[in-house]
Amino acid sequence: MQRQATLAPETLCVRSARGHGDGSALVQPLVQSTTFVRDGLESHAVHRYSRESNPTVAALEETLGELEAAPPAVAFATGLAAETALFQSILSAGDHVVCARALYGGTTRLLQKVLARFGIETDFVDARDPGRVRAALRPATKLVFLETPANPTLDLTDVRAVAEVARRAGVLSAVDNTFLTGVLQRPLDLGADFSVYSTTKFIDGHSVALGGAVVGRDAARLEELRFVRKCTGSIQSPFNAWLTLQGLKTLPLRLRRQSESAAAIAAWLAEHEDVARVHYPTLQDAALAERQHEGAHGAVVSFELAGGFERARSLLRHVRLCTLVEHVGSVETLLTHSASMTHGGVSPEERAAAGVTEGLLRISVGLEDVSDVIGDLSRAIRASAEEVQPCATR
């Protein structure tokens with residue numbers, strides 16, 4: 001059952017896991033214990049063993065659910081652990097998944113190289129067209145899995161339209177909402193059955209805590225996820241949950257400021273004569289972005305320089321403020337070469353089909369002054385032109 005959110009995201013996040021009552025702790029305590037005392041065999045204690053549940057993890061789950069007007073989320077050790085448990089809770093041998101072609105490479109690897117060994121088939125389609133999703137459905141289809149905006153191409157999928165296609169076929173739908181979080185996009189309100197997160201990214205926001213989560217409004221489905229988590233031992237650690245709770249307090253402020261800077265950087269790149277392509281939600285499908293997002297469009301931009309891979313490699317040698325890592329969502333501005341990093345385990349043919357070219361660079365925009373980030377990129381682009389173009393004329 002949907003719960004009505006009564007507070008703004010900024011308020012919900014600041015007050016996450018806050019103590020109540022005389023003498024209670026203002027900040028959620030870290031409960032590091034692996035096990036919990038029972039009064040007797042008839043005990044109905046909420047927490048019994050931390051592989052199953054933990055007070056600190058539960059505090060994080062409560063706020064993640066509240067952000068989407070849902071029951072408490074189910075938290076996992078990583079985002080991929082969350083996806084794995086979701087697939088395990090829904091799919092059996094012989095079942096079929098329809099998956100967006102443009103999405104995180106780790107999800108592609110999980111479906112193609114792990115779950116396929118257990119008799120689960122997946123078709124990857126261009127989910128920007130709901131008709132292609134509909135055409136890919138089979139009697140054995142149990143799940144439609146999307147990521148919007150997609151990693152790293154920022155392709156947008158109309159969640160409401162695709163969720164309706166799935167629902168009419170009696171199929172569940174899930175959206176990886178890592179890039180926007182429940183602050184800027186609410187997939188459950190758009191008709192999806194599940195929102196999936198790597199909390200490692202924007203929700204933590206400080207590159208210190210691995211984690212993942214699944215949010216939904218069907219209590220029975222959530223209990224099935226908790227059962228899978230208990231059986232596989234994939235719960236988030238209390239310490240990582242506690243760190244994530246601290247990051248969560250500033251999530252709306254961080255994400256809105258980072259989105260503002262990202263939009264400015266995308267606009268600057270789009271006007272730069274050395275830039276061949278820029279990917280950002282408002283450049284991909286402005287009407288859908290305005291309709292589907294909550295007032296801003298995320299902190300991730302990707303682009304390609306004229307000159308492809310060699311220009312990209314040269315630029316990465318010349319940046320000083322931006323940092324080359326395999327990550328998004330931190331307070332620092334980060335650069336990733338997707339083809340060799342996040343999508344390194346995906347075949348070149350599949351990367352090309354998903355739009356992940358060899359020259360594509362992904363920027364996760366941080367909290368630095370946007371003029372400093374643009375200045376760093378400008379100098380690096382200029383230096384890469386001087387370094388690569390003379391070689392190309394030899």
Going through the distances and angles, do Leu324 and Val319 end up as a side chain to side chain contact (heavy atoms under 4.5 Å, CB included)? CA-CA 9 Å; Leu324 176 63; Val319 288; over 6 Å; no

Is Val328 close to Asn151 at the side-chain level, that is, under 4.5 Å between some pair of heavy atoms? no

Grab the two heavy atoms, one from Ala163 and one from Ala192, that are nearest each other, plus how far apart they are. CB-N, 3.9 Å

Got a second to check how far Leu137's CG is from Lys142's NZ, nearest 0.5 Å? 11.5 Å

Ionic contact status for Arg226 with Glu223, cut-off 4.0 Å: yes

Counting distance only, does the side-chain N/O of Thr148 pair as donor-acceptor with the main-chain N or O of Ala150 below 3.5 Å? no

Can you hop from Val171 to Val165 via hydrophobic side chains spaced under 4.5 Å? yes

Please confirm whether the backbone N or O of Ile374 pairs with a side-chain atom of Ser378, one donor and one acceptor, at under 3.5 Å? no

Under 3.5 Å, side chain of Glu66 to main-chain N/O of Leu12, donor-acceptor pair present? no

Between Arg138 and Asp123, does the salt bridge (Lys or Arg N to Asp or Glu O under 4.0 Å) criterion hold? Intermediate values first, please. CA-CA 10 Å; Arg138 309 177 191 170; Asp123 280 327; 3.2 Å; yes

Give a yes or no on whether Val331 and Ile363 share a hydrophobic cluster (residues Ile, Leu, Val, Met, Phe, Trp, Tyr; joining criterion: side-chain heavy atoms under 4.5 Å apart). no

From Ser198 OG over to Leu210 CG, what is the distance, rounded to the nearest 0.5 angstrom? 7.5 Å

Is the closest basic N to carboxylate O distance between Glu164 and Arg168 below 4.0 Å? yes

For a side-chain hydrogen bond (donor to acceptor under 3.5 Å, both in side chains) with Ser195, tell me which candidate from Glu68, Gln185, Arg217 qualifies. Glu68

Apply side chain to side chain donor-acceptor pair (under 3.5 Å) to Glu52 and His47, showing your working. CA-CA 8 Å; Glu52 181 178 4; His47 304 291; over 6 Å; no

To check you understand the geometry: which heavy-atom pair defines the closest contact between Leu146 and Thr157, and what is its length? CD1-CG2, 3.8 Å

Quick check: is Ile265 connected to Val278 through a chain of hydrophobic side chains (ILVMFWY, heavy atoms under 4.5 Å apart)? yes

Looking at side-chain heavy atoms only, is the closest gap between Leu115 and Thr122 below 4.5 Å? no

Check this for me, if you would: do Arg277 and Glu304 make a salt bridge, where the nitrogen-to-carboxylate-oxygen distance has to be below 4.0 angstrom? yes

Ion pair check, Asp274 and Arg311, cut-off under 4.0 Å: yes

Before giving the answer on side chain to side chain donor-acceptor pair (under 3.5 Å), spell out for Thr141 and His96 the whole-Å C-alpha distance, their side-chain angles and the decisive distance to 0.1 Å. CA-CA 4 Å; Thr141 307; His96 175 247; 2.7 Å; yes

Could you walk me through whether Arg221 and Asp193 pass the side chain to side chain contact (heavy atoms under 4.5 Å, CB included) check? CA-CA 10 Å; Arg221 293 282 180 188; Asp193 295 291; over 6 Å; no

Judged by atom type as modelled, is there a donor-acceptor pair below 3.5 Å linking the side chain of Thr250 to the main-chain atoms of Leu253? no

Which heavy atom of Ala102 sits nearest to which heavy atom of Asp155, and what is that distance? CB-OD2, 3.8 Å

Counting N and O atoms only, with roles assigned by atom type, does the side chain of Thr153 sit under 3.5 Å from a partner on the main chain of Gly355, one being a donor and the other an acceptor? no

Backbone N/O of Glu358 and side chain of His337: donor-acceptor pair under 3.5 Å: yes

Please determine whether the number of non-hydrogen atoms from other residues, nucleotides or ligands lying under 6.0 Å from atom CG of Asp369 exceeds 12. yes

Is the shortest distance from a Lys or Arg side-chain nitrogen in Arg229 or Glu61 to a carboxylate oxygen in the other one below 4.0 Å? yes

Report yes if the side chains of Ile203 and Tyr197 come closer than 4.5 Å at any heavy-atom pair, otherwise no. yes

Ignoring hydrogens and geometry, is there a side-chain-to-backbone donor-acceptor pair from Thr56 to Val31 under 3.5 Å? yes

Minimal heavy-atom distance between Leu367 and Arg257, with the atoms involved, is CD2-CG, 3.7 Å

How close do Ile120 and Ser92 get, counting heavy atoms only, and between which atoms? CG1-O, 3.7 Å

Do Thr181 and Lys201 come within less than 4.5 Å of each other through their side chains, counting heavy atoms only? no

Could you check whether the rings of His272 and Trp268 sit parallel, tilted or perpendicular, using 30° and 60° as the cut-offs? perpendicular

Test item: Asn240 side-chain N/O and Gly211 main-chain N/O as donor-acceptor pair under 3.5 Å: no

Could you go through Thr323 and Glu332, starting from their C-alpha distance and side-chain angles, then the distance that decides it, and tell me whether this counts as side chain to side chain donor-acceptor pair (under 3.5 Å)? CA-CA 8 Å; Thr323 305; Glu332 302 89 359; over 6 Å; no

Taking atom CG of Leu111 and atom CG of Leu103, what is their separation to the nearest 0.5 Å? 8.0 Å

If you look at every heavy atom in Ser364 and His327, which pair is closest and at what distance? CB-O, 4.4 Å

CD/Glu273 to CD1/Ile381 distance, rounded to the nearest 0.5 angstrom? 10.0 Å

Show, in sequence, the C-alpha distance, side-chain angles and deciding distance for Val228 and Val74, and conclude whether the side chain to side chain contact (heavy atoms under 4.5 Å, CB included) test is met. CA-CA 11 Å; Val228 169; Val74 186; over 6 Å; no

Please report the C-alpha distance between Arg362 and Met341 in whole Å, then the side-chain angles of each, then the deciding distance to 0.1 Å, and finally whether the side chain to side chain contact (heavy atoms under 4.5 Å, CB included) criterion is met. CA-CA 11 Å; Arg362 185 187 70 188; Met341 298 170 78; over 6 Å; no

Got Leu335 and Leu316 here, is their nearest side-chain heavy-atom distance under 4.5 Å? yes

Glu147 side chain vs Tyr104 backbone, donor-acceptor pair below 3.5 Å: yes

Given side chains that start at C-beta, do those of Gln246 and Val27 come closer than 4.5 Å, heavy atoms only? yes

Within 6.0 angstrom of Arg351 CZ, more than 12 heavy atoms from elsewhere: yes

As an exercise, state the distance from CG of Leu67 to CD of Glu62, rounded to the nearest 0.5 Å. 11.0 Å

Parallel, tilted or perpendicular for Phe87 and Phe145, by the 30°/60° rule? perpendicular

Any side-chain heavy-atom pair of Ser234 and Thr84 under 4.5 Å: no

What I want to find out is whether Glu310 reaches Arg313 closely enough, with some N-O distance under 4.0 Å, to be called a salt bridge. yes

With no hydrogens and no angle check, is any side-chain donor or acceptor of Ser261 less than 3.5 Å from a backbone partner on Gln258? no

Here the gap from Thr63 atom OG1 to Lys249 atom NZ, rounded to the nearest 0.5 Å, amounts to 8.0 Å

Any carboxylate oxygen within less than 4.0 angstrom of a Lys/Arg side-chain nitrogen, looking at Arg291 and Asp158? yes

What I'd like to find out is whether the side chain of Ser173 reaches to under 4.5 Å of the side chain of Val162, using heavy atoms alone. no

Quick one: do Val300 and Leu315 end up in the same hydrophobic cluster if we chain Ile, Leu, Val, Met, Phe, Trp and Tyr together by side-chain heavy atoms under 4.5 Å apart? no

Would Val196 end up clustered with Leu225 when hydrophobic side chains under 4.5 Å apart are linked, directly or stepwise? yes

